[in-house]
Amino acid sequence: LMDDSIAKTDGKGLLNVRVIFVIGGPGSGKGTQCARIVEQFGYTHLSTGDLLRKEVQSGSPRSKELVEIMEKGQLIPSRIVLELLRVAMVGIPNTKGFIVDGFPRELEQGKEFENEIAACEFVLYFECSPETMKERLLARAETSGRVDDNENTIRKRLETFENQTKPVIDYYDSQNKVRKVLAEGSPDEVFTQVSDIFKNLPK
Ligand code: B4P
């Protein structure tokens, strides 16, 4: 890390802060639940999807490339995602911890983050059926204006999740780091399970 003078780091140069990864398919309710975690428990929410959409809106030279990838329901190159996260985290030196939403979406992303930025305490996984996810995203499509909320892209996003993100869950599961939440229910029902996890975290 080059510009981490304001953030605390450990002996290996990693940020010394609680980090929780939040994974789930598109439409599993990650963003919705993260907003509630912030409200109830005071963590800092970083959504890689939001960071990427902000990057696009800023009119950065890579905007066009990013939009094209998102429209195809594919993953943005990890380097870009990691850089956006690193800059965001270093800029917030005093926080109880970060919930990193929509990340990692492929195995290498997670490994690189943990080698270069900070260790992850556990992975919060929202398990949801593809039918439910599709239904929610189509409902959101009516108002979201998002380039990726349409039937075609939703199908591809679900495939990307199945092929590239599911192995991430298996990997962290093998390290006993996955906390699974059943995400089929209403936002309140899902949050009951999420609260139980956050209430019982060590200080
Ligand atoms: P994201 O922005 O992460 O999009 P998402 O998976 O749909 O999650 P989001 O948080 O928006 O939706 P949620 O499930 O909460 O990613 C978009 C794209 O960015 C990716 O396809 C990829 O191209 C790129 N990208 C992002 N991160 C990346 C990374 N790390 N690496 C590479 N590329 C990356 O909610 C969906 C809808 O369901 C909402 O309308 C909500 O109101 C509704 N809903 C939520 N919970 C509900 C419930 N319990 N009941 C009923 N409806 C519910």
Side-chain angles (χ1 to χ4, degrees), residues 19 21-38 45-57 62-86 88-89 98-114 117 120 123-169 181-195:
V19 172
F21 290 155
V22 181
I23 312 186
S28 60
K30 303 180 296 286
T32 306
Q33 295 297 320
C34 284
R36 293 186 175 211
I37 296 169
V38 169
H45 178 207
L46 293 177
S47 152
T48 50
D50 289 347
L51 290 172
L52 289 164
R53 282 183 288 276
K54 245 184 250 158
E55 178 73 6
V56 166
Q57 278 162 9
R62 52 194 179 194
S63 292
K64 192 162 163 276
E65 181 199 347
L66 297 185
V67 171
E68 280 170 7
I69 297 172
M70 285 166 129
E71 272 176 340
K72 289 191 208 142
Q74 295 173 352
L75 299 180
I76 305 292
S78 283
R79 275 290 121 214
I80 298 178
V81 178
L82 285 164
E83 189 55 22
L84 289 172
L85 274 179
R86 195 184 66 81
M89 290 175 68
F98 292 102
I99 42 176
V100 186
D101 165 14
F103 184 95
R105 269 182 156 85
E106 54 180 339
L107 198 45
E108 276 312 302
Q109 258 184 19
K111 291 185 180 171
E112 285 170 29
F113 181 98
E114 291 203 271
I117 303 180
C120 158
V123 176
L124 185 62
Y125 169 41
F126 291 104
E127 189 178 61
C128 198
S129 68
E131 293 75 25
T132 300
M133 294 195 273
K134 186 177 163 196
E135 210 174 281
R136 289 178 185 170
L137 292 174
L138 286 175
R140 184 172 71 182
E142 293 178 15
T143 55
S144 72
R146 268 174 58 165
V147 296
D148 57 350
D149 282 346
N150 62 75
E151 186 126 22
N152 228 338
T153 308
I154 291 168
R155 186 168 16 88
K156 292 183 187 141
R157 287 159 70 195
L158 288 167
E159 280 170 20
T160 300
F161 174 69
E162 203 52 49
N163 298 332
Q164 292 178 261
T165 310
K166 281 275 179 75
V168 177
I169 299 158
V181 163
L182 304 178
E184 288 296 318
S186 69
D188 282 346
E189 285 165 349
V190 179
F191 192 63
T192 303
Q193 302 168 63
V194 171
S195 301

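Numbering of ligands and ligand atoms starts at 1, following listing order. Counting from 1, the numbers follow the sequence of the chain as shown.
Atoms CZ and CD, on Phe126 and Gln193 in that order, are 8.5 Å from each other to the nearest 0.5 Å. Taken from CD1 in Ile80 to CG in Leu85, the straight-line distance is 12.5 Å, to the nearest 0.5 Å.
Residue-ligand proximity: Met133 is placed with every non-hydrogen atom at 4.0 Å or more from ligand 1. Residue contacts with ligand 1: Ser47 is excluded, as none of its non-hydrogen atoms falls under 4.0 Å. Within the structure, the closest approach of Gly73 to ligand 1 does not fall below 4.0 Å when heavy atoms are considered.
Within the structure, the salt bridge (Lys or Arg N to Asp or Glu O under 4.0 Å) test picks out the following pairs touching residues 141-154 (sequence neighbours left out): Lys134-Glu151, Arg140-Asp149, Arg146-Asp148, Asp148-Arg157, Asp149-Arg157. For residues 67-76, the salt bridge (Lys or Arg N to Asp or Glu O under 4.0 Å) pairs, not counting sequence neighbours, are Lys64-Glu68.
Against a heavy-atom cut-off of under 4.0 Å, Pro187 is close to the following atoms of ligand 1: 48 (C), 49 (N), 50 (N). Of all atoms in ligand 1, listed by their number and element, those nearer than 4.0 Å to a heavy atom of Phe103 are 30 (N). Close approach of ligand 1 to Arg53 (heavy-atom distance below 4.0 Å) involves ligand atoms 2 (O), 17 (C). Distances below 4.0 Å separate heavy atoms of Gln74 from the following atoms of ligand 1: 22 (C), 23 (O). Proximity to Gly185 (heavy-atom distance under 4.0 Å) selects the following atoms of ligand 1: 48 (C), 49 (N), 50 (N). For ligand 1, the atoms closer than 4.0 angstrom to any heavy atom of Asp148 are 17 (C), 18 (C). Close approach to Leu52 involves these atoms of ligand 1, each under 4.0 Å from a residue heavy atom: 24 (C), 25 (N), 26 (C), 34 (C). Per-residue contacts place Ser186 under 4.0 angstrom from the following atoms of ligand 1 (heavy atoms of the residue considered): 49 (N).
Regarding atom 51 (C) of ligand 1, its nearest protein heavy-atom neighbour is Arg136 NE, 3.4 Å. Arg146 NH2, 3.1 Å is the protein heavy atom nearest to atom 4 (O) of ligand 1. With respect to atom 39 (C) of ligand 1, the closest heavy atom belonging to the protein is Arg140 CD, 3.7 Å. Summary of contacts: the protein heavy atom closest to atom 15 (O) of ligand 1 is Gly31 N, 2.8 Å. The shortest contact between atom 45 (C) of ligand 1 and any protein heavy atom is with Thr32 OG1, 3.1 Å. Closest to atom 27 (N) of ligand 1 among all protein heavy atoms lies Thr48 OG1, 2.7 Å. The protein heavy-atom contact nearest to atom 6 (O) of ligand 1 is Lys30 NZ, 2.7 Å. The nearest heavy-atom contact from the protein to atom 14 (O) of ligand 1 is Gly29 N, 2.7 Å.
Some N or O of Arg105 is nearer than 3.5 Å to an N or O of ligand 1, by distance alone. In terms of polar-atom proximity, defined here as any N/O pair under 3.5 Å, Ala183 makes no such contact with ligand 1. For Ile76, a nitrogen or oxygen atom sits less than 3.5 Å from a nitrogen or oxygen atom of ligand 1, counting backbone and side chain alike. Below 3.5 Å of separation, one finds an N or O of Gln109 facing an N or O of ligand 1. Of the polar atoms of Gly102, at least one N or O is found under 3.5 Å from an N or O of ligand 1, judged by distance alone. Remark: ligand 1 and Met70 share no N or O pair separated by less than 3.5 Å (distance only, no angle test).
A donor-acceptor pair under 3.5 Å is absent between the side-chain atoms of Gln74 and the main chain of Thr160, judged by distance alone. A donor-acceptor contact shorter than 3.5 Å is absent between the side chain of Gln109 and the backbone of Leu82.
Between Ile23 and Pro104 the shortest heavy-atom distance is CD1-O, 3.7 Å. A pairwise comparison of heavy atoms in Phe161 and Gly24 identifies CE1-C, 3.6 Å as the closest pair. Residues Leu46 and Ala88 approach most closely at CD2-CB, 4.0 Å, considering heavy atoms. Here the shortest heavy-atom pairing between Cys128 and Ser28 reads CB-CB, 4.0 Å.
Ser47 pairs in a side-chain contact (heavy atoms from CB on, under 4.5 Å) with only one of the listed residues (Leu52, Asp101, Val100), which is Asp101. Shown are Ile76, Thr48, Val168; of these, the side-chain contact (heavy atoms from CB on, under 4.5 Å) with Arg105 is made only by Thr48.
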| After noting the C-alpha distance and the side-chain angles of Leu138 and Ile154, does the key distance pass the side chain to side chain contact (heavy atoms under 4.5 Å, CB included) rule? | CA-CA 8 Å; Leu138 286 175; Ile154 291 168; 3.7 Å; yes
| task | Step by step, work out the salt bridge (Lys or Arg N to Asp or Glu O under 4.0 Å) result for Arg86 and Glu83. | result | CA-CA 5 Å; Arg86 195 184 66 81; Glu83 189 55 22; 3.2 Å; yes
| task | Carefully, step by step, assess Thr153 and Val147 under the rule side chain to side chain contact (heavy atoms under 4.5 Å, CB included). | result | CA-CA 8 Å; Thr153 308; Val147 296; over 6 Å; no
| task | Kindly indicate, with the supporting measurements, whether the criterion side chain to side chain contact (heavy atoms under 4.5 Å, CB included) is fulfilled by Leu158 and Met133. | result | CA-CA 8 Å; Leu158 288 167; Met133 294 195 273; 3.7 Å; yes
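With a 4.0 Å cut-off on non-hydrogen atoms, Lys72 does not touch ligand 1 at all.
Here atom 21 (O) of ligand 1 lies nearest to Arg157 when heavy atoms of Arg157, Glu184, Gln164, Glu142 are compared.
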